[in-house]
Enquirer: 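For reference, the structure I am asking about is given below.
Position 1 is the first residue of the sequence, and the numbers go up from there. All ligand and atom numbering here is 1-based and tracks the order in the structure. Keep in mind that what you see is a predicted model, and the values were worked out from it rather than measured.
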Amino acid sequence: MECASEDVLARAEAAYLGLALGDALGATVEFMTPREIAHHFAHAGGVHREITGGGWLRLKPGQVTDDTGMALALGEAILAHDGKVSSLACARAFDAWMRRKPVDIGNTVRRNLLLFRRTGYPTAPPSEHDAGNGAAMRVLPVALAMLHRSEFELREACRMQAHVTHNNPVSDAASEFIALAVRDMVRGDSLREVYRRRIQPLVDEQPAFAFRGKPRRQNPSGWIVETMQAVLQSLVEVGGFENCLVDVVNRGGDADTTGAITGMLAGAMYGRSALPARWLKALDPEVYLRCCQQARQLASSTP
Ligand code: MN
Ligand code: MN
């Protein structure tokens with residue numbers, strides 16, 4: 001058993017808090033267009049940059065949505081199974097989460113969890129239509145639980161959790177990329193290294209994800225391709241944790257989910273000290289605590 005260093009644990013924690021912060025920040029402007037955001041936040045220079053709740057879900061300030069909720073459910077299931085990822089444990093955890101009447105839930109997630117309830121079979125049927133971002137947004141605990149395992153094992157575990165609701169190769173490419181990139185950065189790699197080892201190969205293998213030299217991706221939908229274009233443009237082209245997150249959520253569209261995914265990547269990359277104190281203060285205190293605890297437990301459970 002390798003003992004994770006404090007640096008690694010702090011970056012794991014920053015990734016988990018980054019996910020929750022991006023979700024809470026983005027949810028306020030989910031499904032708005034950049035024009036609507038600029039108009040609505042005219043009093044603040046036309047930019048949304050505070051965690052204030054509201055939005056179409058009428059959230060309390062600091063409240064998170066399904067992105068963080070499903071990640072926490074997945075993380076608990078992994079910890080309850082000694083750091084192992086199993087389809088059935090994931091399906092049961094997501095189903096129990098759905099029964100707790102979450103504030104929001106994706107269509108593909110709901111449809112395939114209802115199918116699991118009927119059949120007891122934890123893997124969704126393959127579907128070319130199920131290329132939403134719902135599996136990618138919750139993948140973080142898998143990356144943290146498998147910090148020192150082989151790339152093959154990590155990819156396999158990513159697909160196991162993803163296929164409970166999204167059995168789709170484009171969704172898989174994104175989920176596996178996110179898990180590998182977060183893991184590299186939690187272990188200390190720079191954006192430069194992650195670009196060469198993960199981002200460039202992702203775009204080479206799945207040209208739909210190309211984002212460099214493309215027009216700014218505005219109004220990214222829940223389709224994983226548009227989600228990832230927005231996330232990667234903000235992550236690669238904007239410097240600093242706060243700027244990155246503000247940039248991505250002000251694109252509007254599926255802003256809580258682009259915020260959540262950018263937040264986990266930028267959190268791992270910029271570290272715990274880069275998370276704005278005023279955002280951490282605004283975050284739901286119970287969510288804050290659960291993210292910190294799970295991050296440390298998952299990252300130190302890795303054999
Ligand atoms: Mn959400
Ligand atoms: Mn969303």
Side-chain angles (χ1 to χ4, degrees), residues 16-34 36-37 48 51-75 93-94 97-113 129-141 161-162 164-166 168 170-171 174-175 178 217-232 234-235 244-267 279 282-284 286-287 290-291:
Y16 224 131
L17 289 169
L19 154 70
L21 291 173
D23 183 4
L25 181 73
T28 305
V29 294
E30 192 184 19
F31 303 136
M32 288 169 77
T33 66
E36 287 167 344
I37 295 171
H48 167 53
I51 293 181
T52 54
W56 74 282
L57 294 169
R58 299 173 187 273
L59 299 172
K60 289 178 275 208
Q63 193 179 350
V64 294
T65 73
D66 56 347
D67 310 69
T68 310
M70 292 197 86
L72 287 167
L74 173 60
F94 296 149
W97 167 82
M98 183 162 73
R99 284 184 200 281
R100 293 196 292 272
K101 303 247 180 295
V103 61
D104 62 339
I105 180 165
N107 293 328
T108 307
V109 168
R110 187 197 291 109
R111 171 168 35 86
N112 283 319
L113 288 179
H129 304 293
D130 290 351
N133 57 23
M137 73 188 188
R138 63 181 190 230
V139 74
L140 177 65
Q161 85 78 15
V164 173
T165 55
H166 294 66
N168 177 282
V170 185
S171 159
S175 298
I178 293 166
R217 165 55 69 192
Q218 303 279 43
N219 293 307
S221 67
W223 181 32
I224 189 63
V225 167
E226 292 187 9
T227 300
M228 290 309 295
Q229 286 170 331
V231 166
L232 291 170
S234 295
L235 192 77
C244 232
L245 280 227
V246 168
D247 183 79
V248 87
V249 303
N250 279 274
R251 295 164 186 258
D254 196 356
D256 60 331
T257 304
T258 59
I261 297 174
T262 306
M264 59 181 106
L265 288 160
W279 285 1
L283 192 62
D284 178 324
E286 196 198 315
V287 170
R290 289 180 71 198
C291 290

Enquirer: Side chains of Thr257 and Asp67: any donor to acceptor distance under 3.5 Å?
Expert: yes

Enquirer: May I ask you to decide if Gly53's main-chain N or O and Gln63's side chain share a donor-acceptor pair within less than 3.5 Å?
Expert: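 No, the answer is negative, given that no donor and acceptor are paired below the 3.5 Å cut-off.
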
Enquirer: Just by distance, do the side chain of Asp104 and the backbone of Asp66 share a donor-acceptor pair under 3.5 Å?
Expert: yes

Enquirer: Judged by modelled atom types alone, do Thr165 and Arg138 share a side-chain donor-acceptor pair under 3.5 Å?
Expert: yes

Enquirer: Using modelled atom types and a 3.5 Å cut-off, is there a donor and acceptor pairing between side-chain atoms of Glu226 and backbone atoms of Ser221?
Expert: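 Yes.
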
Enquirer: Between Val29 and Asn250, is any pair of side-chain heavy atoms under 4.5 Å apart?
Expert: no

Enquirer: What is the total of protein N/O/S atoms that are closer to the Mn ion (ligand 2) than 2.8 Å?
Expert: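 Total protein N/O/S atoms under 2.8 Å from the Mn ion (ligand 2): 4.
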
